[in-house]
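All figures in this text were calculated on a predicted structure; none of them were measured in a lab.
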Amino acid sequence: MRVSERVVRSGQFTPSEPAAIIARAYYELLENKTHILGSSTACVVVLQGDAGQLYSANIGDSGFLVVRNGSVVHRSQEQQHYFNTPFQLSLPPPGTNAQVLSDRPESADTLEFLVKEGDMLMVATDGVFDNLPDSMIIKEMVKVQGSTDLLLLQQAANSIAQQARKLAFDEDYMSPFARSARENGINAIGGKPDDITVVLATITV
């Protein structure tokens with residue numbers, strides 16, 4: 001993500017091709033020959049303000065949604081190899097390639113959508129989506145609908161993150177993750193402790 005930020009700040013990218021931002025960052029790491037043990041999902045959203053066009057690239061089960069007038073009007077699609085095994089970028093250590101599921105930037109799901117003034121955008125990791133249904137997320141987002149006050153937006157983002165964290169450790173809660181598990185034949189209940197990151201923004205065009 002640090003490399004992606006540098007690419008965007010330099011202006012050396014095409015707004016309609018956010019997957020290329022992910023790819024450039026990934027292959028730069030690959031060329032550095034620094035073996036990193038681990039993997040990551042990735043979600044990049046670019047707004048071309050003059051056209052009001054939103055472009056996105058998503059790998060795995062992090063993602064985003066756009067809320068307008070209290071309803072979700074656009075969202076990313078989760079990518080999984082099989083239940084609870086999302087697509088992820090990784091740089092497997094030498095000799096482990098055959099044992100590690102490793103996806104490439106070219107696997108990114110790309111979308112585009114025409115946004116409107118006042119639309120709310122939330123980008124978040126799976127620790128949010130696995131623990132909060134859309135209704136709870138929307139309830140917090142509509143409280144700051146159309147606001148460009150950074151403090152209010154941060155407070156709303158904090159509230160969403162805190163609710164997700166609380167429910168992640170509730171063993172009696174029927175979370176979205178538990179519901180999905182049951183749909184896949186796994187008798188589960190409770191939240192799912194996981195990475196929780198929330199970024200909120202109001203669209204101005």
Side-chain angles (χ1 to χ4, degrees), residues 1-67 72 74-81 85-94 96-97 100-115 119-130 137 141 148 150 153-154 156-158 160-161 164 194-205:
M1 286 297 102
R2 282 196 294 268
V3 178
S4 296
E5 180 184 18
R6 174 161 48 77
V7 169
V8 172
R9 287 186 182 278
S10 72
Q12 298 176 351
F13 72 101
T14 302
S16 60
E17 298 177 5
I21 298 172
I22 297 176
R24 183 167 170 184
Y26 175 83
Y27 288 114
E28 181 173 312
L29 284 176
L30 200 64
E31 290 166 7
N32 286 339
K33 302 293 190 275
T34 301
H35 295 291
I36 302 170
L37 186 61
S39 57
S40 179
T41 60
C43 183
V44 171
V45 180
V46 178
L47 175 67
Q48 194 167 16
D50 54 348
Q53 197 76 24
L54 182 147
Y55 300 95
S56 64
N58 188 59
I59 297 173
D61 56 2
S62 291
F64 72 93
L65 51 80
V66 177
V67 170
V72 176
H74 184 59
R75 71 185 312 147
S76 57
Q77 301 299 312
E78 186 177 279
Q79 292 179 309
Q80 295 205 51
H81 291 285
T85 306
F87 281 36
Q88 296 195 70
L89 298 172
S90 66
L91 301 177
T96 64
N97 294 51
V100 177
L101 281 174
S102 180
D103 301 292
R104 294 290 182 266
E106 291 75 20
S107 299
D109 182 60
T110 57
L111 298 169
E112 60 181 86
F113 181 72
L114 191 64
V115 294
D119 283 355
M120 299 293 298
L121 169 69
M122 183 187 80
V123 184
T125 53
D126 59 317
V128 175
F129 297 112
D130 282 342
I137 296 171
M141 293 179 71
T148 55
L150 296 182
L153 291 172
Q154 184 63 63
N158 290 349
I160 292 170
D194 211 331
D195 301 307
I196 296 174
T197 301
V198 181
V199 178
L200 275 186
T202 296
I203 304 295
T204 57
V205 294

With the side chain counted from C-beta on, respond yes when Pro105 and Leu89 share a heavy-atom pair under 4.5 Å apart, and no when they do not.
-> yes

Looking only at side chains, do Glu78 and Gln80 share a donor and an acceptor under 3.5 Å apart?
-> yes

About how many Å separate CD1 of Ile22 and CD1 of Ile59, when rounded to the nearest 0.5 Å?
-> 4.5 Å

With a 4.0 Å cut-off, would you call Glu28 and Arg2 a salt bridge?
-> no

So, for Asp194 and Gly127, which heavy atoms are closest and what is the spacing to 0.1 Å?
-> CB-CA, 3.9 Å

Out of curiosity, Phe64 CZ to Ser56 OG, how far, rounded to the nearest 0.5 Å?
-> 3.5 Å

Ser62: what forms a side chain to side chain donor-acceptor pair (under 3.5 Å) with it, not counting sequence neighbours?
-> Thr41

Regarding His74 and Asp119, is there a side-chain donor-to-acceptor distance under 3.5 Å anywhere?
-> no

Measure the shortest side-chain to side-chain distance between Val123 and Leu65 over non-hydrogen atoms and say whether it is less than 4.5 angstrom.
-> no

Here the pair of heavy atoms bringing Leu47 nearest to Gly52 is CD1-C, 4.4 Å

Which value, rounded to the nearest 0.5 Å, describes the distance between Leu111 atom CG and Tyr55 atom OH?
-> 12.5 Å

What is the minimum heavy-atom distance between Met1 and Ala42, and which atoms define it?
-> CE-CB, 4.4 Å

Where Ala156 and Leu200 come nearest, the two heavy atoms and their spacing | CB-CD1, 3.6 Å

Evaluate the side-chain proximity of Ile160 to Met122: yes if any heavy-atom separation is below 4.5 Å, no if none is.
-> yes

